[in-house]
Amino acid sequence: MEETLRSLQQEAIEKVNEAQDLKALNDVRVAYLGKKGPVTEALKGMGKLSAEERPKMGALANEVRGAITETIEAKQAILEKEAVEKKLQSETIDVTLPGRPVKSGNHHPLTMIVEEIEDLFIGMGYTIAEGPEVEKDYYNFEALNLPKGHPARDMQDSFYISEETLLRTHTSPVQARTMELADGKGPIKIICPGKVYRRDTDDATHSHQFTQIEGLVVDEHIRMSDLKGTLNVFAKKMFGEDREIRLRPSFFPFTEPSVEMDISCKICGGEGCRVCKGTGWIEILGAGMVHPNVLEMAGFDSSKYSGFAFGMGPERIAMLKYGIDDIRHYYTNDTRFLKQFSEKE
Ligand code: FA5
């Protein structure tokens with residue numbers, strides 16, 4: 001029995017040394033030390049031995065088992081180290097290789113111009129107000145001195161959803177809502193940016209969906225000169241001191257008197273082109289003194305309070321500022337157009 005155990009030990013150690021990887025080593029462990037392995041089998045035969053021989057053989061069997069286990073563990077440590085080194089070698093990263101550039105987007109030119117206008121007015125003490133795009137006929141028209149059947153409703157061709165709701169045609173309903181919430185108490189000083197919708201035929205300067213920014217100031221003693229001064233500051237800051245502006249008398253049912261502000265066309269330098277329809281000027285906003293009827297309907301005492309309001313189209317403002325010749329460029333998402341407005345360049 002002693003001989004069998006010794007030769008088993010030698011045989012197992014040879015097999016361990018031959019093992020090339022962890023799987024082969026584990027196979028040796030199972031083969032020699034497993035429940036059905038020869039060492040276990042040899043130990044089962046101990047019962048047949050004499051009482052003197054039994055403890056001797058028991059100690060030897062344990063010694064053999066211990067020696068095989070030790071060799072396996074030592075070999076395992078070597079194989080594990082080799083495996084880690086192999087993995088590290090196969091996963092080597094060349095840190096000197098140039099990186100692959102990640103394409104990044106940039107703000108849409110319209111977002112940029114809206115934020116620029118917002119910042120400009122925030123700097124003048126205005127706050128931002130917002131309202132729904134699906135609007136009640138009441139706020140879009142009636143509260144702005146445009147009762148049902150008023151011919152001036154035709155100035156803004158509308159998308160109606162039901163008899164009483166429509167896609168707002170301008171941002172002026174936000175001023176009606178804000179005044180109503182103020183409950184007859186001034187001052188109010190807001191700008192309202194947002195999307196608006198009209199059944200206009202798309203061309204170089206018209207879109208059926210576009211952006212507007214409304215401005216409203218209501219307080220005691222607000223005069224037309226305050227409006228003129230505000231628009232002048234806005235135009236000079238936005239377009240530069242060298243661009244010309246003009247105010248033309250106009251008509252809006254919700255303001256009296258009313259004006260429209262034009263700015264000289266950058267594309268043709270005032271000589272007349274497709275964009276300015278040959279006039280040398282582009283209209284960018286409508287404005288005026290808030291009509292007393294509008295103040296009264298919102299709960300303001302028009303003998304005490306007065307106000308001015310304006311509404312502008314940022315698409316057209318950006319067209320003038322950057323020399324964009326067609327409003328439709330904003331909506332086609334051509335990255336060659338959009339990339340020109342990257343803040344990084
Ligand atoms: C209005 O919408 C008035 N609510 C503005 C206003 C507010 C006047 C407060 C008085 C007091 P108007 O329809 O002119 O006005 O539109 C205002 C601006 O929106 C225009 O000057 C123009 O820049 C822009 N705009 C109008 N229609 C279109 C369109 N189809 N596509 C792109 N921009 C447009």
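Everything numeric in this text was worked out from a predicted model, so none of it was measured. Numbers here are sequence positions counted from 1. Order of listing sets the numbers, starting from 1, for every ligand and every atom in it.
Per-residue contacts place Leu285 under 4.0 angstrom from the following atoms of ligand 1 (heavy atoms of the residue considered): 21 (O). Using a 4.0 Å cut-off to heavy atoms of Ser172, the atoms of ligand 1 that qualify are 4 (N), 7 (C). Of all the atoms in ligand 1, the ones that sit under 4.0 Å from a non-hydrogen atom of Thr205 are 31 (N), 32 (C). If you number the atoms of ligand 1 from 1 as listed, the ones under 4.0 Å from a heavy atom of Thr255 come out as 10 (C), 11 (C). Residue Glu283 approaches ligand 1 through these ligand atoms, each under 4.0 Å from one of its heavy atoms: 14 (O), 20 (C), 21 (O), 22 (C), 23 (O). Atoms of ligand 1 found under 4.0 Å from any heavy atom of Ile327 (numbered from 1 in listed order, with element): 32 (C).
When only interatomic distances are considered, the shortest N/O to N/O separation between Glu214 and ligand 1 does not fall below 3.5 Å. Considering backbone and side-chain N/O of Ser207, one or more are found under 3.5 Å from N/O of ligand 1. Of the polar atoms of Arg198, at least one N or O is found under 3.5 Å from an N or O of ligand 1, judged by distance alone. Looking at ligand 1, you won't find any N or O of Ala287 less than 3.5 Å from one of its N or O atoms.
Residue Val290 places no heavy atom under 4.0 Å from ligand 1. Every heavy atom of Phe308 sits 4.0 Å or more from the atoms of ligand 1.
The shortest side-chain heavy-atom distance between Thr255 and Phe308 does not fall under the 4.5 Å cut-off. When side chains are defined from C-beta on, Ile72 does not count as touching Tyr32, because their heavy atoms never get closer than 4.5 Å. Using a 4.5 Å heavy-atom threshold, the side chains of Leu25 and Leu79 count as touching. Contact annotation: the side chain of Leu60 never approaches that of Lys56 to less than 4.5 Å [non-hydrogen atoms, C-beta and beyond].
Using modelled atom types, no side-chain atom of His108 and backbone atom of Leu338 make a donor-acceptor pair closer than 3.5 Å. In this structure, Asp203 contributes its side chain and His206 its backbone to a donor-acceptor pair below 3.5 Å. No side-chain donor-acceptor contact under 3.5 Å links Asp137 to the backbone of Leu166.
Between Arg336 and Asp334, at least one side-chain N (NZ, or NE/NH1/NH2) sits under 4.0 Å from a carboxylate O, which counts as a salt bridge. Of the charged side-chain nitrogens involved, at least one lies within less than 4.0 Å of a carboxylate oxygen, so that Arg177 and Glu135 count as a salt-bridged pair.
Nearest protein heavy-atom contact of atom 23 (O) of ligand 1 is Ile284 O, 3.3 Å. For atom 30 (N) of ligand 1, the nearest non-hydrogen atom of the protein is Asp200 OD2, 2.7 Å. For atom 25 (N) of ligand 1, the closest heavy atom belonging to the protein is Phe210 CE1, 3.3 Å. Among all protein heavy atoms, the one lying closest to atom 22 (C) of ligand 1 is Arg316 NH1, 3.4 Å. What sits closest to atom 5 (C) of ligand 1 on the protein, heavy atoms only, is Gly311 CA, 3.8 Å. Atom 17 (C) of ligand 1 has as its closest protein heavy atom Gln212 NE2, 3.3 Å.
Other residues, nucleotides and ligands contribute over 12 non-hydrogen atoms within 6.0 Å of the NZ atom of Lys321.
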Go through Ile222 and Met289 one step at a time and tell me if the side chain to side chain contact (heavy atoms under 4.5 Å, CB included) criterion holds.
-> CA-CA 9 Å; Ile222 298 291; Met289 299 305 291; 4.3 Å; yes
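Under 4.0 angstrom from ligand 1, the non-hydrogen atoms of Phe310 all belong to its backbone. Contacts between His170 and ligand 1 below 4.0 angstrom, taking non-hydrogen atoms only, involve the side chain exclusively.
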